[in-house]
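Quick notes on the structure that follows.
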Amino acid sequence: MSSNDDPNSMHLYLKNFASYESRQVLTYWALGAAISRWSHLEHELSVVAASALGIRQMDDAFKLLSSFRAFSSLLDFVDSAVRIRIKDEHEVSFWNSLVEYIRELSGDRNHIAHNPVVAHGNEDPLEEDWDTVTPKVGPAPSSIATGRQKIHPMPAEELVELHNDFQFVCEILKEYNHAKATLHSLPDKFLQPISRRRPSRSERQAQNQRTH
């Protein structure tokens, strides 16, 4: 490459970089969809809190809950508000498992919201076949080697799964709140620990370690 060439056009000289770019676009799309779905989860959590506190105007509930700057504090508050209204120990078992699930997913949400999309390959970028490089949300491989990263970098496929996890919880919160407001007795699904749509993050990571 001559000295007059635009450094920003370097990708034109990289092998199969167009293939990587197309997968990078899909990764950004999946990332945006997951973060957007998390906002729906926070909304449904606010609706549950409003119902537990007897707040009829959602605008008032949003004003109250917007004072929490950290999601962990918000979740603790909602947990306390809901728990006060629960009298059945079986419902407590359901609610505890749901809160634990949401708390774990909040860690995934923080990971994708505060990490960049990075190219994960094995060679020098100029020598790399970019058809084999994977865009992931998370630190570069050199950073992972320190062992300080609690959540593994996420490719587009995992972001889609995470989006579906968020949607799954949204549906549970919506159904639970509706049942509490309209039914004299709760269905069995709200009287036992929730059945997750896939194993927990720690279980999945342990499985990955065993298979690699």
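Here, residue 1 is the first one in the sequence, and each next residue gets the next number. Hydrogens, waters and symmetry mates play no part in the numbers below; they use all other heavy atoms, side chains included.
- Hydrophobic clustering of Ile, Leu, Val, Met, Phe, Trp and Tyr side chains at less than 4.5 Å, counting indirect connections, unites Leu53 with Ile86.
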**Message:** Using side-chain hydrogen bond (donor to acceptor under 3.5 Å, both in side chains), reason through Arg198 and Asn164 one step at a time and then give a plain yes or no.
**Reply:** CA-CA 10 Å; Arg198 59 181 183 148; Asn164 294 338; over 6 Å; no
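- When hydrophobic clusters are built by joining Ile, Leu, Val, Met, Phe, Trp and Tyr residues whose side-chain heavy atoms come closer than 4.5 Å, directly or via intermediates, Tyr28 is grouped together with Ile112.
- Formation of a donor-acceptor pair under 3.5 Å by the Asn115 side chain with backbone atoms of His111 is found in this model.
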**Request:** Might you work through the side chain to side chain contact (heavy atoms under 4.5 Å, CB included) test for Leu41 and Gln167, ending with a clear yes or no?
**Result:** CA-CA 7 Å; Leu41 188 156; Gln167 177 62 26; over 6 Å; no
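- Both Leu191 and Val82 sit in one connected hydrophobic cluster of ILVMFWY residues. Membership requires side-chain heavy atoms under 4.5 Å apart, directly or through other members.
- Salt bridge status for Glu171 with Arg37: absent, with no side-chain N to carboxylate O gap under 4.0 Å.
- Annotation: the span from Arg23 atom CZ to Trp130 atom CH2 amounts to 9.5 Å, rounded to 0.5 Å.
- In this structure, the side chains of Asn16 and Glu128 stay at 4.5 Å or more apart for every pair of heavy atoms.
- Closest of all the heavy-atom pairs between Leu159 and Leu31 is CD1-N, 3.8 Å.
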**Request:** Could you check Thr27 against Thr134 for side chain to side chain contact (heavy atoms under 4.5 Å, CB included), going step by step and ending with a plain yes or no?
**Result:** CA-CA 10 Å; Thr27 303; Thr134 303; over 6 Å; no
**Request:** Go through Glu42 and Ser39 one step at a time and tell me if the side-chain hydrogen bond (donor to acceptor under 3.5 Å, both in side chains) criterion holds.
**Result:** CA-CA 5 Å; Glu42 290 189 343; Ser39 69; over 6 Å; no
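- Taking the charged nitrogens against the carboxylate oxygens, Glu91 and Lys180 do have a contact shorter than 4.0 Å, which makes a salt bridge.
- Ring orientation note: the planes of Phe77 and Phe68 are tilted relative to one another, at an angle of 30° to 60°.
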**Derivation of the side-chain hydrogen bond (donor to acceptor under 3.5 Å, both in side chains) call for His114 and Asn110** = CA-CA 6 Å; His114 299 292; Asn110 289 342; 4.5 Å; no
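- Taking a cutoff of 4.0 Å between a charged side-chain nitrogen and a carboxylate oxygen, Glu158 and Lys136 do not qualify as a salt bridge.
- Remark: side-chain polar atoms of His120 are paired, donor with acceptor, to backbone N or O of Pro139 under 3.5 angstrom.
- Pairing each heavy atom of Val99 with each of Asp79, the nearest pair is CG2-OD1, 3.9 Å.
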**Request:** Please test Leu105 against Tyr101 for side chain to side chain contact (heavy atoms under 4.5 Å, CB included), starting from the C-alpha separation and ending with a verdict.
**Result:** CA-CA 6 Å; Leu105 290 177; Tyr101 188 22; 3.7 Å; yes
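- You'll find the side chain of Asp76 reaches within 4.5 Å of the side chain of Arg103, heavy atoms only.
- Interatomic distance, Ile55 CD1 to Leu65 CG, rounded to the nearest 0.5 Å: 7.0 Å.
- When every heavy atom of Ala34 is checked against every heavy atom of Phe166, the shortest pair comes out as O-CD1, 3.2 Å.
- For residues 45-64, the ring-ring contact (aromatic ring centres under 6.0 Å, His included) pairs, not counting sequence neighbours, are His43-Phe62.
- Glu100 CD: 12 or fewer foreign heavy atoms inside a 6.0 Å radius.
- A heavy-atom distance below 4.5 Å is found between the side chains of Leu173 and Leu98.
- Between the side chain of Ser36 and the backbone N or O of Gly32 there is no donor-acceptor pair closer than 3.5 Å.
- Shown here for Pro193 and Ser97, the closest heavy-atom pair between the two residues is CA-OG, 3.4 Å.
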**Request:** Go through the steps for Glu104 and Arg196 under the test salt bridge (charged side-chain N to carboxylate O under 4.0 Å, His left out), then give the verdict.
**Result:** CA-CA 12 Å; Glu104 177 184 313; Arg196 299 188 180 198; 3.0 Å; yes
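- With contacts defined as side-chain heavy-atom distances shorter than 4.5 Å, the pair Glu44/Val169 does not qualify.
- Checking each of Asp188, Leu186, Ile194 against Phe94 for a side-chain contact (heavy atoms from CB on, under 4.5 Å) leaves exactly one that passes, namely Ile194.
- Counting heavy atoms from C-beta outward, Ile172 and Phe168 have side chains that approach closer than 4.5 Å.
- Between the Arg204 side chain and the Pro199 main chain, a donor and an acceptor come within less than 3.5 Å of each other.
- Residues Trp95 and Tyr176 place their aromatic rings such that the two centres sit under 6.0 Å apart.
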**Request:** Evaluate salt bridge (charged side-chain N to carboxylate O under 4.0 Å, His left out) for Glu175 paired with Lys189, printing each intermediate quantity in order.
**Result:** CA-CA 10 Å; Glu175 293 175 10; Lys189 66 183 295 183; 2.7 Å; yes
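- No salt bridge links Arg109 with Asp165; every basic N to acidic carboxylate O contact stays at or beyond 4.0 Å.
- With sequence neighbours left out, Ser106 forms a side chain to side chain donor-acceptor pair (under 3.5 Å) with no residue at all.
- Look at Glu161 and Arg197 and you find a salt bridge, because one of the NZ, NE, NH1 or NH2 atoms lies within 4.0 Å of a carboxylate O, short of that distance.
- Rounding to the nearest 0.5 Å gives a distance of 14.5 Å between CG of Leu45 and NE2 of His40.
- Side-chain contact between Lys15 and Asp131 is absent, with no heavy-atom pair separated by less than 4.5 Å.
- Contact between Trp38 and Ile102 at its shortest, heavy atoms only, is CH2-O, 4.1 Å.
- In terms of heavy-atom proximity, Val118 sits nearest to Gly138 at CG2-O, 3.1 Å.
- Hydrophobic clustering keeps Leu162 apart from Trp29 (ILVMFWY residues linked when any side-chain heavy atoms are closer than 4.5 Å, directly or through intermediates).
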